[in-house]
Enquirer: 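The structure is given below, and queries will be raised subsequently.
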There are 2 protein chains.
Amino acid sequence: MDTGQANVHRQNGVALWRQIADRIRASIANGDYDASGKVPPEFTLAAQFGVNRHTVRSALAALAQEGIVRSVQGRGTLIERKERLNFPITRRTRFSEGIGDQAREKEGLLLHSAREPASADLSARLHIAEGAPVIRLETLRKADRRPVSRSTTWFPAERFGGIEEAYEKTGSITAAFRKLGLADYLRVSTEVTAIHADGADLADLQLSPGAIILVARALNTDPDGVPVQYAISRFPADMVQFTIEN
Amino acid sequence: MDTGQANVHRQNGVALWRQIADRIRASIANGDYDASGKVPPEFTLAAQFGVNRHTVRSALAALAQEGIVRSVQGRGTLIERKERLNFPITRRTRFSEGIGDQAREKEGLLLHSAREPASADLSARLHIAEGAPVIRLETLRKADRRPVSRSTTWFPAERFGGIEEAYEKTGSITAAFRKLGLADYLRVSTEVTAIHADGADLADLQLSPGAIILVARALNTDPDGVPVQYAISRFPADMVQFTIEN
DNA sequence: CCTAAATGTCTATTAATATAGACAACCATA
DNA sequence: TATGGTTGTCTATATTAATAGACATTTAGG
């Protein structure tokens, strides 16, 4: 498709090396360099983007930091990792099944849990009284040791007391629900937005600053349509895409 | 929810003023300042983000440039615009209906059209032979005079010859299809990713550089399941969210 | 009509970004 | 084993981003 020059911009608040790093990362994910398994030489990239070679080197250093490339003197800059996990969003969306066989090792970590009164917004979404108790879980999910999502998720406390322990033991919302007697649940709505990563997400998702995050706000209900969970999940945009099949 | 300090990051390739501008823009969209209709004073923001007042001023200047706020000496920084268009993604997703009454004026502009052979990727998606002719439309959509999406969309040329003119006249894909005898079509899949805006999109969508773009890759079929359109649409992430209802 | 609370403007300094050029070190391969 | 292509390192300089402080100007309200 459009090979568009789409050059790089100055004085925009985004450093050139970061723009270039983002572009190269995208090209790698896109398979542009699959033939050689290498990124083009620094000289070539510098000419392509119309910048100094040192600027390109800064970009490549950032990508090396992320573990995406590895520079070898005399040989070139080799592509180490190249992936974009796909998350299908359907009526039966589940994180662990969604990844499927795209990753071998899947982990779900409980970072923090709390019991608190529902805010106005949250109580409306969960169809409970404002101020009614909810359980909040802060979780981190990993695939093949790399963090792929950082979620904040709320459950009505009356119905799902003890879900903290259930999640901590199983590392899975689906399994935790089952332990508490909910055999099935459905995704009724998902809102998707994108923002720049903030401090906490940078740390938890091991991103280099300036990274983009896909935000999904999801509401799950039981089979009778009663809300059981509201979740805000944040995914590194360069590693993840969502697919909606209708 | 978490009032999280979520401070701002240095030496990351993203200037502080841009990070702060992004955060304030998000807060405005989120309705955080609805009570006063104003952004907090520069002093307060500077303390909040842990930066110099001048840095905050740079951020506010950028937002003023975008038409989101307006600073008035002696009074404060007033919120001018505050919106995030919602695009429902369903089996019957249509751009114009999707916007619904969120905007008064809706426009669809044809920037460019071309007839070309289908790439390998495209032919697979449209279920046509590789190299078979397709019509490509480059379109820009606006709501209330502001650009909200920049799309590249392909149609099998054999079936939809003349769709360029039909689109140009009507400004709507749905109407253009109808003119060519296709009364109905369905959205079968949508892939959502997020990237930094490139040069062309910055210009077309009138964004300030460094902006985030939501990318939706969509496949539409006729009621018999035969692919009729593949589209890649780019939306300004700070103006738009997608909602998937299951 | 004064005052407090804002934003506007100016000067000066430091740190981060980007450019420029030269040359060393390393690797594959002819 | 010589050579061309590549990354690594160093020095120097210019531009942009960020901090710091002082003071002017405007507005709203007591």
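Quick note on labels: first sequence line is chain A, next is B, and so on, each numbered from 1.
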Enquirer: Before accepting this row, confirm whether a basic side-chain N of the pair B:R141/B:E107 lies closer than 4.0 Å to the acidic partner's carboxylate O.
Expert: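 Looking at B:E107 together with B:R141, the answer is no, because their closest N to O distance does not fall below 4.0 Å.
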
Enquirer: Among residues two or more places apart or on two chains, list those pairs meeting salt bridge (Lys or Arg N to Asp or Glu O under 4.0 Å) that have a residue in residues 67-78 of chain A.
Expert: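 For residues 67-78 of chain A: A:R70-A:E80.
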
Enquirer: Can you check the B:L78 CG to D:dT27 C1' distance for me, whole Å?
Expert: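 My rounded result for the distance is 11 Å.
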
Enquirer: Less than 4.0 angstrom between a side-chain N/O of B:T55 and OP1 or OP2 of D:dA17, yes or no?
Expert: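 No, because none of the side-chain N or O atoms of B:T55 sits under 4.0 Å from OP1 or OP2 of D:dA17.
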
Enquirer: Using the 3.5 Å cut-off, write out each protein N or O paired with an N or O of nucleotides 26-30 of chain C and the distance between them.
Expert:
from	atom 1	to	atom 2	distance (Å)
C:dC26	O4'	A:Q73	OE1	3.2
C:dA28	OP1	A:R75	NE	3.4

Enquirer: Could you give the CD1-to-C1' distance, from A:I20 to C:dA18, as a whole number of Å?
Expert: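 Rounded to the whole Å, the gap is 10 Å.
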
Enquirer: Between atom CZ in A:R18 and atom C1' in D:dA17, what is the gap in whole Å?
Expert: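 From A:R18 CZ to D:dA17 C1': 16 Å.
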
Enquirer: Where is the tightest heavy-atom contact between A:A197 and A:L202, given as atom of each residue plus distance?
Expert: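 Shortest heavy-atom contact: CB-CD2, 3.6 Å.
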
Enquirer: With a 4.0 Å limit, can you tell me whether A:S71 has a side-chain N or O closer than that to the phosphate oxygens OP1/OP2 of D:dT6?
Expert: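 Looking at the OP1 and OP2 atoms of D:dT6, neither is under 4.0 Å from any side-chain N or O of A:S71.
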
Enquirer: Tell me whether B:R136 is salt-bridged to B:E116, with the criterion being a basic N under 4.0 Å from an acidic carboxylate O.
Expert: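 A salt bridge links B:R136 with B:E116.
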
Enquirer: How close or far is atom P of D:dT6 from atom CZ of A:R57, stated in whole angstroms?
Expert: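 That distance rounds to 14 Å.
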
Enquirer: Check whether any side-chain heavy atom of A:F242 sits under 4.5 Å from a side-chain heavy atom of B:F242, and report yes or no.
Expert: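 The answer is no; the side chains never approach within 4.5 Å.
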
Enquirer: So do the side chains of B:V69 and B:I28 get within less than 4.5 Å of each other, counting heavy atoms only?
Expert: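 Heavy-atom side-chain distance check passes, below 4.5 Å.
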
Enquirer: Answer with yes or no whether the side chains of A:T77 and A:S71 bring together a donor and an acceptor at under 3.5 Å.
Expert: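 Yes, because at least one side-chain N or O of A:S71 sits under 3.5 Å from a partner of the opposite role on A:T77.
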
Enquirer: Would you kindly say whether A:T152 and A:E138 are connected by a side-chain donor-acceptor distance under 3.5 Å?
Expert: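 Looking only at side-chain atoms, A:E138 and A:T152 do form a donor-acceptor pair, the distance falling under 3.5 Å.
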
Enquirer: Please identify each residue that fulfils side-chain hydrogen bond (donor to acceptor under 3.5 Å, both in side chains) with B:S123, with sequence neighbours left out.
Expert: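 By the side-chain hydrogen bond (donor to acceptor under 3.5 Å, both in side chains) rule, B:S123 matches no residue at all.
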
Enquirer: Check every strand shown and say whether B:S58 touches a base, only sugar-phosphate, or nothing at a heavy-atom separation below 4.0 Å.
Expert: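 Nothing, no nucleic acid heavy atom in range.
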
Enquirer: Is any side-chain heavy atom of B:I213 closer than 4.5 Å to a side-chain heavy atom of B:H196?
Expert: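 Sidechains of B:H196 and B:I213: no contact.
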
Enquirer: Which atom names give the shortest non-hydrogen contact between A:L205 and A:R234, and what distance separates them?
Expert: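 Answer, listing the atom of A:L205 first, then A:R234: CD1-O, 3.8 Å.
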
Enquirer: Are any of the side-chain heavy atoms of B:T93 and B:T190 separated by less than 4.5 Å?
Expert: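 Not touching, per the 4.5 Å side-chain cut-off.
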
Enquirer: Do we get B:R23 above B:F49's six-membered ring, with its NZ or CZ under 6.0 Å from the centre and within 45° of the axis?
Expert: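 No, B:R23 does not sit over the ring of B:F49.
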
Enquirer: CZ of B:R70 versus P of C:dT7: gap in Å, rounded?
Expert: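 That distance rounds to 13 Å.
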
Enquirer: Work out how much the helix from C:dC1-D:dG30 to C:dA30-D:dT1 bends between its end axes, five pairs an end, to the nearest 10 degrees.
Expert: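 Both end axes considered, the difference amounts to 30°.
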
Enquirer: If you restrict it to nitrogen or oxygen atoms, what contacts under 3.5 Å exist between nucleotides 20-22 of chain C and the protein, and what is each distance?
Expert:
from	atom 1	to	atom 2	distance (Å)
C:dA20	N6	A:H54	NE2	3.2
C:dG21	O6	A:H54	NE2	2.4

Enquirer: Tell me which residues in residues 35-44 of chain B lie within less than 4.0 Å of DNA chain D, going by non-hydrogen atoms.
Expert: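 Residues of residues 35-44 of chain B that come under 4.0 Å of DNA chain D do not exist, since none gets that close.
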
Enquirer: Once you round it to whole Å, what is the distance between C1' of D:dA17 and CZ of B:F49?
Expert: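 Rounded to whole Å, this separation is 17 Å.
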
